[in-house]
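Report on the following structure.
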Amino acid sequence: MVGESVHIPQPEGSLRVIVRGDTGPPVLLLSGAGNDNALLSWRHAIPALAAEHRVLALDWPKQGESKPWQGFAGHDRMIECVTAVLDHFGLRQAALVGLSQGGAIALAYTIRHPERVSRLVALAPAGVISFPPVVHQMLWLTAKSRLLNRTIPSLVFRSRAACAWFARRALFAGPVADFEEIVDEYHADVLANGAGSSDWQNDSIGFRRMRVDLRPELPTISCPTLFIQGSHDAGVRPRHTRAAAGLVPGARFELIEGAGHWSNRQEPERVNALITGFLRESPADGRGDPGENTTMRS
């Protein structure tokens with residue numbers, strides 16, 4: 001068993017949090033969008049971090065065991081979910097580690113509630129990207145159309161082969177030790193719950209510009225911050241994450257050479273080593289050179 005499941009009642013349903021580790025500074029893990037969940041993203045990270053930390057891994061609304069969820073889980077509601085978890089466990093402060101959508105929420109939460117975040121790790125975060133006109137409008141149309149963002153993906157990904165193709169093309173950029181297990185778990189979730197973009201993804205894009213663009217506020221982040229990015233990420237290009245890291249005072253940027261978007265599942269030992277090492281640093285050591293770039297080769 002990866003950890004104990006705790007359910008936190010909310011007006012719309014309940015939030016499932018996987019808990020492991022009894023001592024050490026608390027760490028809250030925030031997964032990505034779509035058919036991701038706490039176990040899919042953090043299966044290898046939870047036990048690795050629990051050796052030194054009290055680890056909490058959140059299923060976002062409508063993911064994993066945080067369903068059924070009656071209501072829209074847009075940007076502001078997702079931020080409230082983080083507060084709900086911290087308050088439930090009586091935590092004044094915790095380190096946040098977020099992937100993709102979770103990375104965007106971790107950044108946004110730190111901007112809004114800096115007093116509650118001790119350290120911040122963002123892996124290939126959303127919320128720091130803009131798109132050219134036409135491409136942006138196509139994404140907006142997809143976000144507004146249930147046929148495009150839910151019905152068609154649910155039909156397409158009922159095929160396990162389609163799930164495997166998507167994982168190889170969009171999530172990974174090379175061999176993955178437990179690839180078949182990941183696809184099985186992903187496919188089972190699609191069959192049970194359908195597929196498609198999350199409320200947060202649909203909520204984050206306006207007709208002319210991104211409704212969630214954190215870049216103007218990134219310079220206000222003052223806690224030690226680490227950005228991790230796969231060099232061959234097809235969803236979040238390294239240049240976007242590198243630029244975001246450059247906006248956060250003293251932030252470190254680490255490139256995982258040869259990894260795709262889901263670097264924490266493709267290269268779990270390397271990514272977990274980066275995260276545990278960063279969380280272990282003293283406050284004075286946690287501030288890197290804004291231009292720092294450490295490349296780890298697979």
Counting only heavy atoms not in Arg112 (residues, nucleotides, ligands), do more than 12 fall under 6.0 Å from its CZ? yes

A quick test of your reading: do over 12 heavy atoms of other residues, nucleotides or ligands sit less than 6.0 Å from CD of Glu115? yes

Check whether any side-chain heavy atom of [X] sits under 4.5 Å from a side-chain heavy atom of [Y], and report yes or no.
X	Y	result
Leu123	Val97	yes
Arg209	Ser130	no
Arg265	Ser41	no
Leu15	Pro61	yes
His232	Glu257	yes
Val19	Phe89	yes
Glu4	Val6	yes
Leu171	Ile182	no

Could you tell me which non-hydrogen atom of [X] sits nearest to which non-hydrogen atom of [Y], and how far apart they are?
X	Y	answer
Thr220	Glu217	OG1-O, 2.6 Å
Arg92	Arg116	O-NE, 3.3 Å
Phe157	Cys163	O-SG, 3.3 Å
Ala143	Asn149	O-ND2, 2.9 Å
Ala33	Ser198	CB-OG, 3.7 Å
Gln266	Gly174	NE2-N, 3.4 Å

Out of Ile79, Leu86, Val82, which residue meets the side-chain contact (heavy atoms from CB on, under 4.5 Å) rule with His113?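 Running side-chain contact (heavy atoms from CB on, under 4.5 Å) over Ile79, Leu86, Val82 with His113 returns exactly one hit, Ile79.
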
Indicate yes or no for a side-chain donor-acceptor contact from [X] to the backbone of [Y] under 3.5 Å, with no hydrogens or angles considered.
X	Y	answer
Thr276	Leu49	no
Gln229	Arg237	no
His187	Arg158	yes
Lys62	Phe72	no
Ser231	Gly258	yes
Ser66	Asp59	yes
His261	Asp233	no
Gln63	Leu58	no
Ser263	Gly260	no

With rounding to the nearest 0.5 angstrom, report the [atom1] to [atom2] distance, [X] to [Y].
X	Y	atom1	atom2	result
Ser145	Arg150	OG	CZ	13.0 Å
Phe227	Phe253	CZ	CZ	9.5 Å
Trp60	Lys67	CH2	NZ	15.0 Å
Glu254	Arg270	CD	CZ	12.0 Å
Leu148	Thr142	CG	OG1	5.0 Å
Leu214	Ile111	CG	CD1	5.0 Å

Please say yes or no: joined through hydrophobic side-chain contacts below 4.5 Å, possibly via intermediate residues, are [X] and [Y] part of one cluster?
X	Y	value
Val134	Phe207	no
Val212	Val135	yes
Leu191	Tyr186	no

Cation over ring, Arg252 on Phe278, under 6.0 Å and within 45°?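 No, Arg252 does not sit over the ring of Phe278.
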
Looking at Glu181 and Arg43, is any side-chain nitrogen of the basic one under 4.0 Å from a carboxylate oxygen of the acidic one? no

Start with the C-alpha gap between Glu185 and Leu39, add the side-chain angles, then the distance that decides, and say whether side-chain contact (heavy atoms from CB on, under 4.5 Å) holds. CA-CA 10 Å; Glu185 194 171 347; Leu39 275 179; 4.0 Å; yes

Could you walk me through whether Cys223 and Arg119 pass side-chain contact (heavy atoms from CB on, under 4.5 Å), step by step? CA-CA 6 Å; Cys223 69; Arg119 285 176 175 269; 5.6 Å; no

Decide side-chain contact (heavy atoms from CB on, under 4.5 Å) for Trp262 and Leu40; before the verdict, give the C-alpha distance in whole Å, the side-chain angles of both, and the deciding distance to 0.1 Å. CA-CA 10 Å; Trp262 223 350; Leu40 259 177; 4.0 Å; yes

On the 0 to 90° scale, with breaks at 30° and 60°, tag the His136-Phe131 ring pair as parallel, tilted or perpendicular.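 Plane angle between 30° and 60°, so tilted.
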
For a side-chain contact (heavy atoms from CB on, under 4.5 Å) check, start with the C-alpha distance between Arg211 and Asp203, then their side-chain angles and the critical distance, and finish with the verdict. CA-CA 7 Å; Arg211 295 183 66 241; Asp203 187 44; 2.6 Å; yes

Which residues share a salt bridge (Lys or Arg N to Asp or Glu O under 4.0 Å) with Arg160, sequence neighbours left out: Glu180, Asp184

Run the salt bridge (Lys or Arg N to Asp or Glu O under 4.0 Å) test on Glu12 and Arg77 for me, step by step, so that the C-alpha distance in whole Å, both residues' side-chain angles and the decisive distance to 0.1 Å come before the verdict. CA-CA 11 Å; Glu12 306 93 332; Arg77 187 64 184 96; 2.7 Å; yes

